[in-house]
Each structure stands twice: as structure tokens, then as C-alpha cells.
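Quantities reported herein were computed from a predicted structural model and do not represent experimental measurements. Position 1 is the first residue of the sequence; numbering continues from there.
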Amino acid sequence: MRLAVKRIASLTCAAALAVSLAACSTPTADSTESTGSTSMSAPGEGTPPEGQPPEKPDGAPDGQGGPGGQPGGFGGSGEVTQGTSANTIDTDTTVYTQTYESTGDDENALRVDGASATLNGITVNKSAGSSSNTEDGDFYGQNAALLATNGAVVTIENAHITSSAQNGNGVFSYGEGTTVNISDSTITTTADNSGGIQTTGGGTTNAANLTVETSGNSSAAIRSDRGGGTVNVDGGSYTSNGVNSPAVYSTADITVKNAALTANNSEALVIEGQNSITLENCTVTGDMSDSGTSADENLHNVMIYQSMSGDAEVGTSSFSMTGGSLTGKSGDLFYITNTHSVISLSGVALSNEDTTANLMTIAGNSASHGWGTAGKNGAQVEFTADAQVLNGDITVDSISTLDLTLKNGSAFTGTINIVDNADGGTAVADNAVVTIEKGCTWTLTGDCTLTSLTNNGTINFNGHTITLADGTILR
């Protein structure tokens, strides 16, 4: 992940202290001790798309890495490097009430490698040991508490999983064909770059009724990274407390239903590149501070962007939310930059407690983090409000576009305005196109500028005007 979360490249490269392996519980007959490292060619790895750097630019956000020095190298090894494991399950088995522990560097407390395993009532504790390479930890599961890999199918119930190790993700699903099904369990991580549930390389994670809490920087509660995958979450609570640690960071297809998603020191949600977040009946809250990798660009609650790091394909980002609530305590409710995005809201209770901020900002960025080229890195947004109440202002800079549709009785109170790009980029056509369908209402709170307007509903001007690109003034 990157983010606003993209992990920062300014990692501290202090040599890791040698840490003796803590005595693990005696392996069961279905577990074998593993001391060799795992390294193989990484599917999908290699030369990034033209114009993208081979590794994350300095300061790039990523619900994975954020401010604060991290141990180990940065940039990835270029191949799948998963380190060692204190305990490995590599044959089909069922395990009850087993305890797995690790204090070693680059070491999983438990690895399920290519096997079908059912784990009930287990305890996994990664209490120490750092990752020698942050991206190998983020991409491949090196140093995670529990790693499923090589097509493993793992069912976890009633588990207690903790990690206090740097770059020690809680439960990690890596690679196509690998599936983690986890339910009625708790996952707690306390160090930086340590997400709750992490999915990469095309893996799958299905989670139900989890209690996940992370405290480190760049430690999203629900997290994905290079190679993406599929994540389905139903029920539970997912809380992050660190800077650059959203509740959800997506470089995958992530669906969350009936859950509480809370980021206490970060934006709530982030989508990078050609990936998605779909929410149904979720309670979402974010509180981004004015420090962190993306704060110098914009304070916000939902960020949709393309980092150009190579971790997410360039393409259309998708955000859909139905029912539930979305609350932002600081900054704009939505910020979209350097990507094309399709956004749909239906019946969501929106609340922005920062009265000075926008409902939505669509704009280019300074490119100081490598997010495209300044003056050319605007966003293109197709935004549909379906039976939705909207309040607040929307700004679109001159190198970006907004196509807004109000439908099925939606009501919007606020303004829309086209503003100059901060870096003097060449203006594009159709900056702000608005369609108001029958039965919908737009109530103006100030003067507006649009490219064009199709109105089959009602506009309450309240003494204000709408100026169109052709010079027409509506009042």
C-alpha cells in the first residue's frame, strides 16, 4: 500500500539487532519447524509501466508506510521473499487451541504453505523481530504473524492474533489460489507497517465478525498491496490509530458489509489506481491529522488517487457506498487526484465536521510525492448520487473533470466551482457537467461555475447564480 497512505521511502536503515528465537510451543504432529527462507520469482513483478519509478517515491503515502523511520531496506527484493517461519503447516490438517510464537527477524510465527488447514481457537503471537526489507514484508508477508501462501486454504475461527513487531502484519494472504477464511477472531498489531488483515499478489481474504485494531503508523486495519486480490468482510469492527493508517487501504477489490470502520489519526478510506472499495451498511469515521505523507497536499476523509509507484495498475478507481454513514472529522470529505474514478453514493448519512472543508475536491497535485506530473495530474470523476442527500461545496480544478448526476430524489445543498490548477496546467474541456434528474433538487449556497447543466429537477438559486462555460448566467 502506499499512502495516504503510501509507505515512506525515507526509512531508517539501522542494522537490525540480532534477536534470538523465543522458545516456541512444541510443534504438533501437523506442524514442522522451518528454518530456510522462501524466495522465488514474483508473479507480476518486473519493470513497472512506462513513466513509473521502480519503487515508491520519497514520501509516497500508503496505508502501509507512513511517516516515522522504519527499520530495514526499502524497494523490495525483486522476487518473492518471505523469510523463515517458526512454525510451518504444509500438510492438510485441523488444529485446536495451539499457540504459535515468534521473536525472530524476517520470521512468521505461523506459516501455512500450500496446505488446507482448519485452525480453531489458536493463539498467534509475533512479539518481536523486524523485517529486513519493508516492501518484502508489505508485498509477500515476510515477518507477518500468520502467513498463508502457495495456494493454501486456511480456515481460522475463534483465534487471538497479536503482533508487536515492526512490519509485522497480523494475518497475511499471499498469491493467487491462496484463501484465508477468518471469523470470530481478534487481531491486534502495535508497530509501524503492520496492518490487521493484508492481501497481496492475487490472494483472497474472507473475514467475518473480526475485531481488528492497529496502533502503528502506516498500518491499515484492512490492507492490500502489490498484486492486489479480493477481500470480503462482513461484520465486526476495524480500527486504526496511527498516522497514514486508514481503516481500509485498497489496491484490490474490497467489499465490506455491516462493519464499523474507524481511523483515529488518518483518512478513513483510500483507493489506489484500478481498484475498488464497496461498502454496504457500514459506519465509517476518519480523523486525518495535519501531519503525514499526503497531508501537505490535502486533508481529507476518503482519498482516491494513483501513486505511480507500480503497486496498482493505472485505470479506473471505483468507490460505492450504500446505506450506513460516512463521517469526516477533518478536511474534505472526498479528495480525488491523478486518476479516473467512478463514485456512487446511495442513502448514506454524510457528515463533515470540518465546516471549512469541501464535500469534494477534484484536482491535480504538486507531484512532490511522484503522483503524476504537476499540471497534468488532474482527476476525472463520474459521481452519481442516488436517493442521496449531499451538503457542502465541490471544487474542480481546470485540469480535472466532474460529471455529476443527481437521481431518484437526491438533494444537494452547496456550490460547484471550477478553479485554476495550482501549477498552471492547460485547462481541459467539460470541467464540470451536472445533470439533475426529475424529482431532484439543488439548493445553491453561493455563486457557481459549470461547463454545462441539464436540469429536469429543481434549482433553488437563493439569490445566487450559475455561470456556464458559454457565458450564460442562470439565476
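Atom CD of residue Gln388 and atom OG of residue Ser346 lie 7.0 Å apart, to the nearest 0.5 angstrom. For the atom pair CG (Asn265) and OG (Ser289), the distance works out to 4.5 Å, reported to the nearest 0.5 Å. Remark: Asn301 CG to Asp332 CG distance equals 10.0 Å, nearest 0.5 Å. Rounding to the nearest 0.5 Å gives a distance of 13.5 Å between CD1 of Ile416 and CG of Asp447. For the atom pair Thr188 OG1 and Ile161 CD1, the distance stands at 9.5 Å (nearest 0.5 Å). To the nearest 0.5 Å, atoms OG1 (Thr395) and OH (Tyr335) are separated by 10.0 Å.
When atom types are taken as modelled, the side chain of Ser250 and the backbone of Ala252 share a donor-acceptor pair closer than 3.5 angstrom. Put simply, the side chain of Thr178 gets close to the backbone of Gly151: a donor and an acceptor are under 3.5 Å apart. The backbone N or O of Thr435 sits nowhere less than 3.5 Å from a side-chain atom of Thr454 that would complete a donor-acceptor pair. The main-chain N or O of Met308 is found under 3.5 Å from a side-chain atom of Gln306 such that the two form a donor-acceptor pair. Remark: side-chain polar atoms of Trp442 are paired, donor with acceptor, to backbone N or O of Gly414 under 3.5 angstrom. In terms of modelled atom types and a separation under 3.5 Å, the side chain of Asn275 and the main chain of Glu272 share a donor-acceptor contact. Ser410 contributes no side-chain N or O that, together with a main-chain N or O of Asn408, makes up a donor-acceptor pair within less than 3.5 Å. Counting only distance, with no hydrogens or angles, the side chain of Asn460 and the backbone of Asn462 share no donor-acceptor pair below 3.5 Å. Using a distance-only test at 3.5 Å, with no hydrogens or angles considered, no donor-acceptor pair links the side chain of Ser163 to the main chain of Gly170. Between the side chain of Gln142 and the backbone N or O of Ser131, no donor-acceptor pair lies under 3.5 Å.
Between Leu468 and Leu474 the shortest side-chain heavy-atom distance falls below 4.5 Å. Using a 4.5 Å cut-off on side-chain heavy atoms (C-beta onward), Val434 and Ile466 make no contact. Residues Ser320 and Glu280 fail the side-chain proximity criterion, which asks for heavy atoms closer than 4.5 Å. Here the side chains of Thr200 and Phe172 are in contact, with some heavy-atom distance below 4.5 Å.
Using modelled atom types and a 3.5 Å distance limit, the side chains of Ser266 and Asn244 yield no donor-acceptor pair. Under 3.5 Å, the side chains of Ser368 and Glu297 contain a donor-acceptor pair of N or O atoms. Residues Thr415 and Asp393 bring a donor and an acceptor atom of their side chains to less than 3.5 Å of each other. No side-chain donor-acceptor contact under 3.5 Å links Lys257 and Asn281. A donor-acceptor pair shorter than 3.5 Å can be found between the side chains of Asn258 and Asp234. Side-chain contact check for Asp470 and Thr472: at least one donor-acceptor pair (N or O, by modelled atom type) lies under 3.5 Å. Side-chain contact of Ser224 with Thr251: a donor-acceptor pair under 3.5 Å is present, judged by distance alone. No side-chain N or O of Thr214 forms a donor-acceptor pair with one of Ser240 less than 3.5 Å apart. Between the side chains of His340 and Gln274, no donor-acceptor pair is found at a separation under 3.5 Å. Under 3.5 Å, the side chains of Asn181 and Asn206 contain a donor-acceptor pair of N or O atoms. A donor-acceptor contact closer than 3.5 angstrom links the side chains of His369 and Asp296. Side-chain polar atoms of Asp106 and Ser132 form a donor-acceptor pair below 3.5 angstrom. Under the 3.5 Å distance criterion, with hydrogens and angles disregarded, a donor-acceptor pair is assigned to the side chains of Asn417 and Thr449.
Contact detail for Leu261 and Ile222: the closest heavy-atom pair is CD2-CD1, 4.0 Å.
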Quiz item: After noting the C-alpha distance and the side-chain angles of Thr441 and Thr458, does the key distance pass the side-chain hydrogen bond (donor to acceptor under 3.5 Å, both in side chains) rule?
Solution: CA-CA 5 Å; Thr441 303; Thr458 301; 4.7 Å; no
Self-check item: Glu437/Lys407 under salt bridge (Lys or Arg N to Asp or Glu O under 4.0 Å): CA gap, chis, key distance, verdict
Solution: CA-CA 5 Å; Glu437 294 189 357; Lys407 61 186 296 184; 5.4 Å; no
Self-check item: Derivation and outcome, side chain to side chain contact (heavy atoms under 4.5 Å, CB included), residues Val180 and Leu146
Solution: CA-CA 10 Å; Val180 171; Leu146 191 158; 5.6 Å; no
Practice problem: Go through the steps for Ile399 and Lys376 under the test side chain to side chain contact (heavy atoms under 4.5 Å, CB included), then give the verdict. | Solution: CA-CA 7 Å; Ile399 65 169; Lys376 298 181 180 180; 5.7 Å; no
Exercise. Might you work through the side chain to side chain contact (heavy atoms under 4.5 Å, CB included) test for Val80 and Gln82, ending with a clear yes or no?
Key: CA-CA 6 Å; Val80 178; Gln82 295 178 320; 3.8 Å; yes
Exercise. Go through the steps to decide whether Ile254 and Thr278 satisfy the test side chain to side chain contact (heavy atoms under 4.5 Å, CB included), and finish with yes or no.
Key: CA-CA 6 Å; Ile254 298 179; Thr278 301; over 6 Å; no
Quiz prompt | Verdict with supporting geometry, Asp430 and Thr451, side-chain hydrogen bond (donor to acceptor under 3.5 Å, both in side chains) | solution = CA-CA 5 Å; Asp430 296 330; Thr451 304; 5.2 Å; no
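Of the candidates Val243, Asn193, Asn241, Val243 is the only one forming a side chain to side chain contact (heavy atoms under 4.5 Å, CB included) with Asn217. Tested against Asn377, the residues Asn421, Asn365, Asn338, Asp423 include a single side chain to side chain donor-acceptor pair (under 3.5 Å) partner, Asn365.
With a 6.0 Å radius and a threshold of 12 heavy atoms from other residues, nucleotides or ligands, Glu353 has its CD atom above the threshold.
Using the six-membered ring where Trp is involved, Phe383 and Phe334 have ring planes that are tilted, between 30° and 60° apart.
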